[in-house]
Number of protein chains: 2
Amino acid sequence: MDTTTADSALPRARGIDRVIDILECLKENRTPMTIGDISRKIRAPRSSTYEIVARLAEAGMLEIDNANRAFFGRAIYFYADAYLASQPLLRHGRSEVLRLAKVHGETAQLCMLVGNKYTVGFMQPGASLFRIISEIGVLVPIPWTASGRLLVGGMTPDEIHALIPDEDFRLPSGRTIDFDSFLADVERGMKANVMMTVGLSDTYTCCLAAAIRDERGHPIATLCFMIPANSEQARAQELLSHLNEAAARISSAMSRELAE
Amino acid sequence: MDTTTADSALPRARGIDRVIDILECLKENRTPMTIGDISRKIRAPRSSTYEIVARLAEAGMLEIDNANRAFFGRAIYFYADAYLASQPLLRHGRSEVLRLAKVHGETAQLCMLVGNKYTVGFMQPGASLFRIISEIGVLVPIPWTASGRLLVGGMTPDEIHALIPDEDFRLPSGRTIDFDSFLADVERGMKANVMMTVGLSDTYTCCLAAAIRDERGHPIATLCFMIPANSEQARAQELLSHLNEAAARISSAMSRELAE
DNA sequence: ACAGCGTGTCCAGTATATAGGACAACGCGA
DNA sequence: TCGCGTTGTCCTATATACTGGACACGCTGT
C-alpha cells in the first residue's frame with residue numbers, strides 16, 4: 001500500500017515525503033478527504049498533517065472545501081497543463097481518444113507503460129451502456145491487457161522476463177498465463193501492430209489495441225477500445241482497423257514534429 | 001517575481017517551500033530547466049535543489065530528460081486528472097471550448113477569477129492565422145479583459161473596489177480606466193450576460209465573452225472568443241450569441257448535477 | 001596549456017521543522 | 001445527562017534537513 005517510503009519504522013519524516021504521501025493518498029482516494037483521514041491513511045501525526053496541508057493549500061496545490069476536506073487544487077491543474085504541452089504523445093493521444101470515442105461510440109483509451117506496469121493515460125467513456133472502470137494512472141500488470149502485449153514489442157524474451165514480475169502473470173481469475181504463449185502474442189502483435197484479447201482482466205471485456213510507435217519503430221503507447229466480450233467479430237475487426245489508422249496518424253505526426 | 005515566500009532575507013527555507021518554488025518556477029518557464037538554472041531562479045543553494053529535485057523526480061512529480069533538465073512529470077498529470085474529475089466547471093468548460101474553437105474556427109477560452117486576478121483556465125487556438133498568446137494560469141488584472149467585467153457581476157461597487165488593486169486599472173498601453181465607466185460595463189454585462197471589448201489588453205484584439213453562472217445566478221466563469229479587432233460587427237454578434245448559448249448550457253448542466 | 005565557468009557529489013554544523021501531547025470545543029449515542 | 005471519539009489549535013524539545021563550502025570533473029575560449 002505504501003507507495004513511497006516509510007513503512008513500519010517511525011523515524012521523523014521529511015516534509016517533502018509527507019507532501020508526496022498526501023498527494024498519492026488523494027490520488028488513490030479520488031475524492032476529498034478530511035485531514036484526520038489523511039493523517040491516518042499516511043500514518044502521519046495530525047499536527048504535521050495540518051501544517052503541511054495548510055501550506056499546500058496556501059500555494060493552491062490543494063483546496064479545502066467548506067466541509068474542511070482537502071483535495072487537489074488549481075495549481076496542480078496549471079502544472080499539468082504545462083506538462084501536457086511538453087508531451088506530444090499525450091496531446092495527440094488525447095484528441096484521438098476523444099475522436100474515437102465520439103465517432104465509434106465505444107470507450108477509448110490511451111495506454112502506456114510506467115516502469116514495469118501498464119497504465120491508462122487518458123480515457124473517454126463510450127456512448128453505450130457498457131462501461132469500463134479503469135481509472136487514469138492506476139498501475140496494472142502488463143500481461144493482463146492487450147496493450148501490454150504490444151507495448152513490450154521489440155524487446156527480447158530475456159528483457160521481457162526481466163521486466164515483468166512473475167506474479168504479474170497470474171490473472172485476477174487465478175489462472176496463470178504461460179510465458180511462451182505470452183511471447184507468441186507479443187511477436188504477433190509486433191507484426192500486425194494490433195492485438196485483441198477477450199476475457200483477460202475480467203470475463204466480460206474484449207480489449208482491442210493498436211500500437212503508436214516512435215521514429216525508430218518502437219511501441220511507446222497504444223490506443224484501445226474496450227467492448228463487450230460477446231461483440232461480433234466483424235465489428236471488432238473494423239474497430240481494430242480504425243485504431244490502427246489513428247495510431248499511425250499519431251506516430252507520423254510525432255516523427256514529423258521531432259524532425260522540425 | 002517571487003510568487004510565494006522568501007525574498008530578500010535568507011533564513012533557512014523549508015523543503016516544502018522549495019518544492020513550491022520549484023514547481024512555480026517551472027510553470028512560469030514552461031520548458032525544462034537545468035538544476036543550476038532552477039536554483040538561481042528560486043535563489044536556493046544548489047545542494048538543496050539537487051536534493052529536492054531528485055526526490056520529486058523519484059516520486060514522478062518531475063522528470064529529468066537526457067540533458068539533465070527537469071520538468072513536470074506524469075504524477076502531476078494524474079493528480080490533475082483527479083482534480084478535473086472533481087470539477088464539473090472545468091470538465092464541461094473544456095469540452096465546450098474545444099467545440100467552440102472547432103465549429104467557429106476562432107480561439108476560444110474558459111476564464112475565471114483566481115483571487116483578485118483574471119486567468120485563463122483552458123484555451124483552444126482557432127483555425128485562423130490570428131493567434132492569441134495568453135497562457136493557461138497566468139494572472140491578469142481584471143479590468144484588462146471583457147471576462148473580468150462579467151466575473152465581478154453581482155458584487156457591490158464597494159466590494160469591487162476592495163477587490164481590485166488601483167494599479168490594475170492602468171492598461172499596458174498606459175491609459176487608465178475610469179472606475180465609474182468600469183462599473184457601468186459591469187452592470188450592463190450583468191444584464192446582458194455578454195460583453196465585448198476592443199483593444200483593451202492590446203490594440204489588435206477584440207474579446208467576446210459570456211458568463212457561466214452558478215445555481216444562484218452568480219457568475220463563476222466565462223467562455224470567450226479572441227478575434228481580430230477589425231472583425232465585422234455582425235460576425236461578433238453572432239459569436240456572442242453562440243457563446244451565450246454554450247455558457248447557458250454549462251450553467252444548467254452544473255445546476256442539474258448539483259441537484260442530484 | 002591554462003584559466004574560468006558550470007556541473008554533480010559529498011560532508012559536517014546548526015537552525016528549525018516535525019513529533020507528540022495537552023487542551024477546549026464539538027457531535028453523537030446511550 | 002454524561003461519556004467517548006473526533007476536530008482544530010497551540011506549545012515545547014530534539015532529531016535532522018538544509019546550508020555552505022570544498023572537491024573533482026568536463027567544458028570552452030584564448
Side-chain angles (χ1 to χ4, degrees), chain A residues 1-26 29 31-73 75, chain B residues 2-26 29 31-73:
Chain A
M1 280 300 105
D2 265 304
T3 46
T4 50
T5 47
D7 33 14
S8 57
L10 39 149
R12 230 190 216 203
R14 216 153 50 126
I16 302 196
D17 293 334
R18 297 298 190 199
V19 169
I20 291 164
D21 287 342
I22 289 169
L23 297 177
E24 283 297 318
C25 169
L26 289 173
N29 203 72
T31 171
M33 295 174 76
T34 67
I35 302 198
D37 285 337
I38 294 174
S39 69
R40 265 184 295 277
K41 181 101 171 276
I42 69 173
R43 306 247 197 77
R46 268 170 353 108
S47 55
S48 305
T49 312
Y50 272 96
E51 233 293 303
I52 289 170
V53 167
R55 183 69 188 90
L56 292 178
E58 188 190 327
M61 291 188 55
L62 299 182
E63 276 165 22
I64 313 289
D65 66 17
N66 32 27
N68 258 10
R69 292 172 310 169
F71 203 58
F72 296 111
Chain B
D2 264 304
T3 47
T4 50
T5 47
D7 31 16
S8 57
L10 38 147
R12 230 192 218 203
R14 227 175 12 150
I16 302 196
D17 293 333
R18 296 299 191 198
V19 169
I20 291 164
D21 288 342
I22 290 170
L23 296 176
E24 283 298 317
C25 168
L26 290 173
N29 204 71
T31 170
M33 296 174 75
T34 67
I35 302 198
D37 285 337
I38 294 174
S39 69
R40 263 184 297 277
K41 182 100 169 277
I42 68 174
R43 304 247 199 77
R46 267 166 359 104
S47 52
S48 305
T49 311
Y50 272 97
E51 234 292 305
I52 289 169
V53 167
R55 183 70 188 89
L56 292 178
E58 189 190 326
M61 291 187 56
L62 299 182
E63 275 164 22
I64 313 289
D65 67 17
N66 32 29
N68 258 12
R69 292 172 311 170
F71 203 57
F72 296 112

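On a predicted model such as this, the values are computed, not experimentally measured, just so you know. Residue numbering restarts at 1 for every chain, and letters A, B, ... go by the order of the sequence lines.
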Grab the [atom1]-[atom2] distance between [X] and [N] for me, whole Å please.
X	N	atom1	atom2	result
A/R69	D/dT7	CZ	P	13 Å
B/E51	D/dG20	CD	P	15 Å
A/I52	D/dG8	CD1	P	16 Å

Close N or O pairs between protein and nucleotides 12-17 of chain C (under 3.5 Å):
{"unit_1": "C/dG13", "atom_1": "N2", "unit_2": "B/R12", "atom_2": "NH2", "d": "3.2"}
{"unit_1": "C/dT14", "atom_1": "O2", "unit_2": "B/R12", "atom_2": "NH2", "d": "2.8"}
{"unit_1": "C/dA15", "atom_1": "N3", "unit_2": "B/R12", "atom_2": "NH1", "d": "3.1"}
{"unit_1": "C/dA17", "atom_1": "N3", "unit_2": "A/R12", "atom_2": "NH1", "d": "3.4"}

Between A/I20 and B/E58, is there a side-chain heavy-atom distance shorter than 4.5 Å?
no
How far does [atom1] of [X] sit from [atom2] of [Y], to the nearest 0.5 angstrom?
X	Y	atom1	atom2	value
B/D21	B/L26	CG	CG	11.0 Å
B/D37	B/R69	CG	CZ	10.0 Å
A/I35	A/N68	CD1	CG	6.5 Å
A/R40	A/T49	CZ	OG1	10.0 Å
A/L56	A/I64	CG	CD1	9.0 Å

List for me each residue that meets side chain to side chain donor-acceptor pair (under 3.5 Å) alongside A/E51, sequence neighbours excluded, and say none if there are none.
B/R14
In the 5'-to-3' direction, what one-character label does each nucleotide of nucleotides 5-10 of chain C receive under the scheme B = base within less than 4.0 Å of a protein heavy atom, S = sugar-phosphate only, - = no such atom?
--BBBB
